[in-house]
**Student:** 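Take a look at the following structure, please.
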Amino acid sequence: SPEIQAQKLAELNNAYDQARQGRVEIEARLAELKKWQQQGGEIGAEIILSIDDPILEKLRAEIMEAEIEQSNLLQSYKEKHPKIKQADLKVQSLRQNLRKATDTLLKKLETNVSVARVKEQSLAESLAKFKREAIEMNNKRLEYSKLKSEVSSTEELYNLLFRQLKETSITGDLERNNIRILEPARTARNITEPLQREQIIGFGVLIGLLLGIGLAFLFEYFDKTIKNPEDV
């Protein structure tokens with residue numbers, strides 16, 4: 001789901017950021033340690049804090065105590081006194097241990113930097129791969145939604161056509177069941193031929209003549225005027 005996808009993406013981003021930050025911190029410690037070596041191995045409190053190693057801190061404290069002890073002895077004894085020589089040997093031994101510890105820490109930091117870089121690169125590749133897969137998944141999800149919408153539209157159209165077809169079938173059945181023959185069709189023998197134009201004109205002249213003669217007799221019959229001596 002998109003929620004799980006977003007959660008996993010956030011976890012990968014967080015892991016990648018932590019790996020990158022860890023690699024940067026180790027590289028910074030390594031750079032400080034190499035800088036200290038190039039400066040002759042004079043280690044100070046600020047170098048100890050930046051390198052952040054308990055062994056170096058302990059050796060530094062022991063060297064400072066031995067140097068203080070050596071300085072105090074020089075106030076009471078000469079340089080060739082056995083106690084002075086013993087103090088010198090102690091300081092030299094501690095400084096030698098510091099160089100060995102520094103070399104060991106240097107190799108350790110170089111190894112840690114290599115491991116951190118590999119881890120960071122692996123997480124970067126995993127993050128990039130997940131992003132590509134997420135994009136592909138989103139595209140497939142959009143395509144699925146589109147196809148689902150098309151299927152839904154097609155299904156609605158199919159249901160509509162099916163209902164119309166069903167209604168048409170029911171109407172057709174009703175019409176077939178309710179049809180009755182009210183009057184049989186007449187054949188050509190029972191149909192009177194239409195009158196021709198000449199026949200119509202002849203019938204019109206004849207009817208007009210008969211009507212004219214009938215009207216003349218009718219007017220003559222009802223005419224009461226005197227027209228000749230016989231009428232008188």
Side-chain angles (χ1 to χ4, degrees), residues 1-140:
S1 64
E3 293 78 11
I4 298 176
Q5 195 176 58
Q7 182 180 358
K8 187 175 181 181
L9 179 60
E11 292 176 354
L12 283 173
N13 273 320
N14 187 30
Y16 172 73
D17 291 338
Q18 290 180 357
R20 183 178 59 181
Q21 183 178 359
R23 187 261 305 166
V24 170
E25 292 176 354
I26 296 173
E27 287 180 344
R29 293 175 62 194
L30 180 61
E32 287 292 335
L33 191 58
K34 288 182 177 181
K35 181 180 178 181
W36 172 76
Q37 281 187 333
Q38 293 173 358
Q39 291 176 352
E42 292 298 330
I43 189 164
E46 66 280 0
I47 301 296
I48 289 295
L49 292 176
S50 62
I51 295 176
D52 189 19
D53 185 77
I55 296 177
L56 295 184
E57 174 63 23
K58 181 180 178 181
L59 288 172
R60 175 182 173 275
E62 291 177 354
I63 291 172
M64 289 182 63
E65 290 177 359
E67 289 177 345
I68 293 172
E69 183 181 357
Q70 183 185 35
S71 177
N72 293 332
L73 289 173
L74 285 173
Q75 294 178 2
S76 302
Y77 303 97
K78 294 183 178 181
E79 294 181 358
K80 294 183 179 181
H81 194 276
K83 290 186 178 181
I84 298 297
K85 290 182 177 180
Q86 186 178 1
D88 292 340
L89 290 174
K90 184 177 180 181
V91 172
Q92 292 176 4
S93 176
L94 289 173
R95 288 185 178 277
Q96 186 177 2
N97 292 338
L98 179 62
R99 285 193 295 269
K100 290 181 180 179
T102 302
D103 292 337
T104 302
L105 180 60
L106 183 65
K107 293 179 181 179
K108 179 181 177 182
L109 290 177
E110 288 176 345
T111 302
N112 291 343
V113 167
S114 299
V115 172
R117 287 175 179 172
V118 172
K119 182 179 180 181
E120 181 183 0
Q121 181 64 26
S122 177
L123 287 172
E125 292 176 356
S126 298
L127 183 60
K129 181 180 178 181
F130 182 80
K131 287 181 179 179
R132 290 194 301 270
E133 292 177 351
I135 293 173
E136 293 177 359
M137 184 64 67
N138 289 333
N139 291 335
K140 289 181 180 179

**Student:** From Y16 OH over to Q121 CD, what is the distance, rounded to the nearest 0.5 angstrom?
**Tutor:**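 Here the rounded value is 8.0 Å.
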**Student:** Hey, could you give me the CG/NZ distance between L127 and K129, rounded to the nearest 0.5 Å?
**Tutor:**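 One finds 12.5 Å between CG of L127 and NZ of K129.
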**Student:** Give a yes or no on whether a salt bridge exists between D103 and K100, defined as a side-chain N under 4.0 angstrom from a carboxylate O.
**Tutor:**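 Between K100 and D103 there is no salt bridge, as every charged N stays at least 4.0 Å from the carboxylate O atoms.
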**Student:** Once you round to the nearest 0.5 Å, how far does CG of L109 lie from CD of E32?
**Tutor:**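 Interatomic distance, L109 CG to E32 CD, rounded to 0.5 Å: 11.5 Å.
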**Student:** Looking at OG1 of T102 and CG of N97, how far apart are the two atoms once the value is rounded to the nearest 0.5 Å?
**Tutor:**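 One gets 10.5 Å once the value is rounded to the nearest 0.5 Å.
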**Student:** Is a side-chain donor-acceptor pair under 3.5 Å present for Q96 with Q92?
**Tutor:**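 Not at all, the side chains of Q92 and Q96 share no donor-acceptor pair under 3.5 Å.
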**Student:** Is there a donor-acceptor contact under 3.5 Å from the side chain of N14 to the main chain of A10?
**Tutor:**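 A pair under 3.5 Å: no.
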**Student:** Restricting to non-hydrogen atoms, name the atom on A15 and the atom on L123 that form the minimum distance, rounded to 0.1 Å.
**Tutor:**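 Heavy atoms only, the tightest pair is O-CD1, 3.4 Å.
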**Student:** Taking everything shown except Q86 itself, do over 12 heavy atoms lie less than 6.0 Å from its CD?
**Tutor:**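 Not buried by this count: 12 neighbours or fewer within 6.0 Å.
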**Student:** Between the side chain of T111 and the main-chain N/O of K107, is any donor-acceptor distance below 3.5 Å?
**Tutor:**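 Checking the backbone N and O of K107 against the side chain of T111, a donor-acceptor pair under 3.5 Å is found.
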**Student:** Tell me the closest heavy-atom pair linking A66 and L94, and the distance in Å.
**Tutor:**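 Distance-wise, the nearest heavy atoms are CB-CD1, 3.8 Å.
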**Student:** Looking at every non-hydrogen atom in both residues, tell me the closest pair between K83 and L73 and how far apart they are.
**Tutor:**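 Reported closest heavy-atom pair: O-CD1, 3.7 Å.
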**Student:** Taking only Lys NZ, Arg NE, NH1 and NH2, and the carboxylate oxygens of Asp or Glu, determine whether E27 and R23 approach each other closer than 4.0 Å.
**Tutor:**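 The answer is yes: the pair qualifies as a salt bridge.
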**Student:** Could you check if a side-chain atom of K119 sits within less than 4.5 angstrom of a side-chain atom of Q18, using non-hydrogen atoms only?
**Tutor:**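 Not touching, per the 4.5 Å side-chain cut-off.
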**Student:** Do R20 and D17 have side-chain heavy atoms sitting under 4.5 Å apart?
**Tutor:**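 R20 reaches D17 side chain to side chain.
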**Student:** Could you tell me whether L89 atom CG has more than 12 heavy atoms of other residues or ligands within 6.0 Å of it?
**Tutor:**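 Enclosed: over 12 neighbouring heavy atoms sit under 6.0 Å from CG of L89.
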**Student:** Specify the closest pair of heavy atoms between L59 and L98, including all atoms of both residues, with the distance to one decimal.
**Tutor:**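 Scanning both residues, the minimum pair turns out to be CD1-CA, 3.7 Å.
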**Student:** When rounded to the nearest 0.5 angstrom, what distance separates CD1 in I68 from CD1 in I63?
**Tutor:**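 Answer rounded to 0.5 Å: 12.0 Å.
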**Student:** Quick one, K34 with L106, criterion side-chain contact (heavy atoms from CB on, under 4.5 Å). Give me CA distance, side-chain angles, the key distance, then yes/no.
**Tutor:** CA-CA 8 Å; K34 288 182 177 181; L106 183 65; 3.8 Å; yes
**Student:** Salt-bridged, E67 to R95, with N to O below 4.0 Å?
**Tutor:**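 Salt bridge present between E67 and R95.
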**Student:** Heavy atoms only: give me the nearest L12-S126 pair and the separation to one decimal.
**Tutor:**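 Looks like CD1-O, 4.3 Å.
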**Student:** Closest heavy-atom contact between L105 and R29?
**Tutor:**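 The answer is CD1-NH2, 4.2 Å.
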**Student:** To the nearest 0.5 Å, tell me how far E120 CD sits from R117 CZ.
**Tutor:**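 Atom-to-atom, E120:CD and R117:CZ are 9.0 Å apart.
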